[in-house]
Number of protein chains: 2
Amino acid sequence: MSVTIKDIAKRLGVSATAVSKALNDRDDVSEELKRKVLKVAEELDYSANTIAKRLVTNKSNTIGVFMLSRRESEQRETVGFQFLSGILEEANKNGYDIVLFSTNSDLLDEKSYIKLCKERRVEGAIFTGLRLDDPHIPEIKKAKFPITIIDTELDDAENVGFITTDNLSGVHKALEYLWKLGHRRIAMINGHHQAQVSKRRYQAFKEFLTQKGVFDEDLVFYGDFTKNSGYKAALKILELNEPPTAVFSASDLMALGAIKAFKDKGLILPRDMSIIGYDNITSSEYTDPSLTTVAQDSVNMGREAVRLVLDGLDGGTMKKKVLEAKLVIRDSCARCC
Amino acid sequence: MSVTIKDIAKRLGVSATAVSKALNDRDDVSEELKRKVLKVAEELDYSANTIAKRLVTNKSNTIGVFMLSRRESEQRETVGFQFLSGILEEANKNGYDIVLFSTNSDLLDEKSYIKLCKERRVEGAIFTGLRLDDPHIPEIKKAKFPITIIDTELDDAENVGFITTDNLSGVHKALEYLWKLGHRRIAMINGHHQAQVSKRRYQAFKEFLTQKGVFDEDLVFYGDFTKNSGYKAALKILELNEPPTAVFSASDLMALGAIKAFKDKGLILPRDMSIIGYDNITSSEYTDPSLTTVAQDSVNMGREAVRLVLDGLDGGTMKKKVLEAKLVIRDSCARCC
DNA sequence: CTGTTAGCGCCTTCAC
DNA sequence: GTGAAGGCGCTAACAG
């Protein structure tokens, strides 16, 4: 079949062990043998069999990555890809392979995430797009290997860490900005309840405006992170007896839908309505008006997610890490009234 | 350590062989034993060791996916993610794992793509973003396992297939549309020469306009698929003594850059300039004016890429598959003059 | 420095 | 139906 260390050993008249050691550059082999082994390996076009190595060392050098809720979170096209870039970069840098899993696939319908991980003996896992109503959450909490969840914090889970951007300060920055522009009546288009960020952003929204003495529950609307749901929410906002002067959307995609709705209804933006998004997806730069939004460094979040897993592998308990959110000011907000 | 089939065997007082057969649902074991084995497996929280299985069966059930040129092809954020979605879906459906590799990582700097594949014993591979000047191409051509390259066709490579959308008809549809709107002086913003699609789209562009008798090499400009390069190309276009009335861009991202340049220079779009893109990235829907563009079904391309690999595994020679391109008409083109 | 022995967890023959 | 023996390719111990 394929070339193995035995073939190299035979060719050189030494033992397989010696070849193994030489290939792993261990210091209990002579430099000369190393050279010879490398040379013959080259000649025979030898490739190490990672699978055999993983079996015998009982180490898979693999991190499983789950990209869930693909369908409903269209914005993940941008953000999800950036996560993945960061994850890949950091994992490969540390000698780890990434095995990717997705929802909407037969594999996941039949087997649980954790089962999938165990069978492949992945050393750690990273989840994105996890919903709070996911039936596998109890199992995730009990996992015996380190897991990082992006944007969702689970309690009572020893081996589960999480990484997010600071939703509280992100939302506050956005509102502070609107406040300084003179807006006092501010609506929110929130995401669905199954995303933890929705809760966090809502809390931050409520906290800020309550402190200012102008919070109004009737100005909070709900979508599901899709563009269309943002569109619908915007229409409802316009039906209000006393519409707000500004809208804060919990995601860019919903903000884009809202912008479309406002324009369709004849509003001139940002003159007639200020709007601010969250995520800084690529498209937000190209809308008219371009969208002011709260940005997270998604590539870096991916990197950090891997680092947290790696730390967990080194024996630490899983950490929770919160990155800074940044306000990206573009053209979708105007001074009020 | 972890639970193995031996543990199950011991518990039931049978041999490991019997357990193995039962777990694999083979027909030379009694139904009763199967039931018992399954029950005990559950009790002991047994997970099959995929690694051991792969070693002994000499089958990795893995497809390697390479996402190259991340940096320079920003548009891949959208398109790349869609490819990946399709790949994942189809691979998982067929019981294959996806191992992801990326460029800009130490792993790839040290080892060749093929070496990476061989070591992991992947059964097939899929490449996206491959550049024609990639130093590993000769090695890819000689690969002993099936490979699908998205959007790039390699000659004299037995095990390498490719999948693309029909660039010829895509470009012709775009130009036909402009032609019918009365445009006769049409410029092109092409991508860099290291992408095969650039060559194909240029050929199609040249062919169409030559046939109409109005091809002008001086109206062909080059970018590198980035937004900024589109911006610069647009500026050059405006410096022409006799500027065109329409621009065909080989990518949406460059088109977006061009739109910005035209607007910055005070043109009213599409009145003063019609522009048409290629790719149908998410952002193209949100620009002002929204971008008319040639769309490819990237998710389906991903699926097809996997199917081609799977076909190759079944013994066929690698096929080349061309999907239909579709013109998505939005608001960036106007009737000429 | 090098080789011998043993075994990772599983599956495949081939007896019984 | 079931089990014993052997081995996938590699490395970890230990002995020399």
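Just so we're on the same page: letters track the sequence lines, and every chain starts at 1.
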Using a heavy-atom cut-off of 4.0 Å across all strands, would you classify [X] as base, sugar-phosphate, or nothing?
| X | result |
| --- | --- |
| B:S30 | sugar-phosphate |
| B:L33 | sugar-phosphate |
| B:D28 | base |
| B:T4 | sugar-phosphate |

First encountered from the 5' end of DNA chain C, between B:L55 and A:D27: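 Looking at DNA chain C, the more 5' nearest nucleotide goes with A:D27.
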Rounded to whole Å, how long is the line connecting atom [atom1] of [X] with atom [atom2] of [N]?
| X | N | atom1 | atom2 | result |
| --- | --- | --- | --- | --- |
| B:K21 | D:dG1 | NZ | P | 12 Å |
| A:K10 | C:dG3 | NZ | P | 15 Å |
| A:K118 | C:dC10 | NZ | P | 14 Å |
| B:R54 | C:dC8 | CZ | C1' | 16 Å |
| B:N58 | C:dT12 | CG | C1' | 13 Å |
| B:R26 | C:dC11 | CZ | C1' | 8 Å |
| A:I5 | C:dG3 | CD1 | P | 12 Å |
| B:K53 | C:dC8 | NZ | P | 19 Å |

Is [Y] paired with [X] through a side-chain N to carboxylate O contact shorter than 4.0 Å?
| X | Y | value |
| --- | --- | --- |
| A:R54 | A:D97 | yes |
| B:E90 | B:K93 | yes |
| B:D28 | B:K21 | yes |
| B:E304 | B:R307 | yes |
| A:R35 | A:E32 | no |
| B:K142 | B:E139 | no |

Return the nearest nucleotide to the side chain of [X]; candidates are [options].
| X | options | result |
| --- | --- | --- |
| A:S15 | C:dC14, C:dT4, C:dC10 | C:dT4 |
| B:N49 | D:dG3, C:dC11, C:dC10 | C:dC10 |
| B:T17 | D:dC10, C:dT2, D:dG3 | D:dG3 |
| A:S20 | D:dT11, D:dG3, D:dG7 | D:dT11 |

Donor-acceptor pair (no angle test) under 3.5 Å: B:K34 side chain, D:dG1 base: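 For B:K34, whose side chain was compared with the base of D:dG1, there is no donor-acceptor pair (under 3.5 Å).
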Nearest-nucleotide 5' precedence on DNA chain D, B:A16 against B:R121: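 Checking each residue's closest nucleotide, the 5'-ward one belongs to B:A16.
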B:Y46 vs C:dC10: side-chain N/O to OP1/OP2 distance below 4.0 Å: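 Answer yes for this pair, as a side-chain N or O of B:Y46 is under 4.0 Å from OP1 or OP2.
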Any A:N24 side-chain N or O less than 4.0 Å from OP1/OP2 of D:dT11: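 True: A:N24 side-chain N/O within range (under 4.0 Å) of D:dT11 OP1/OP2.
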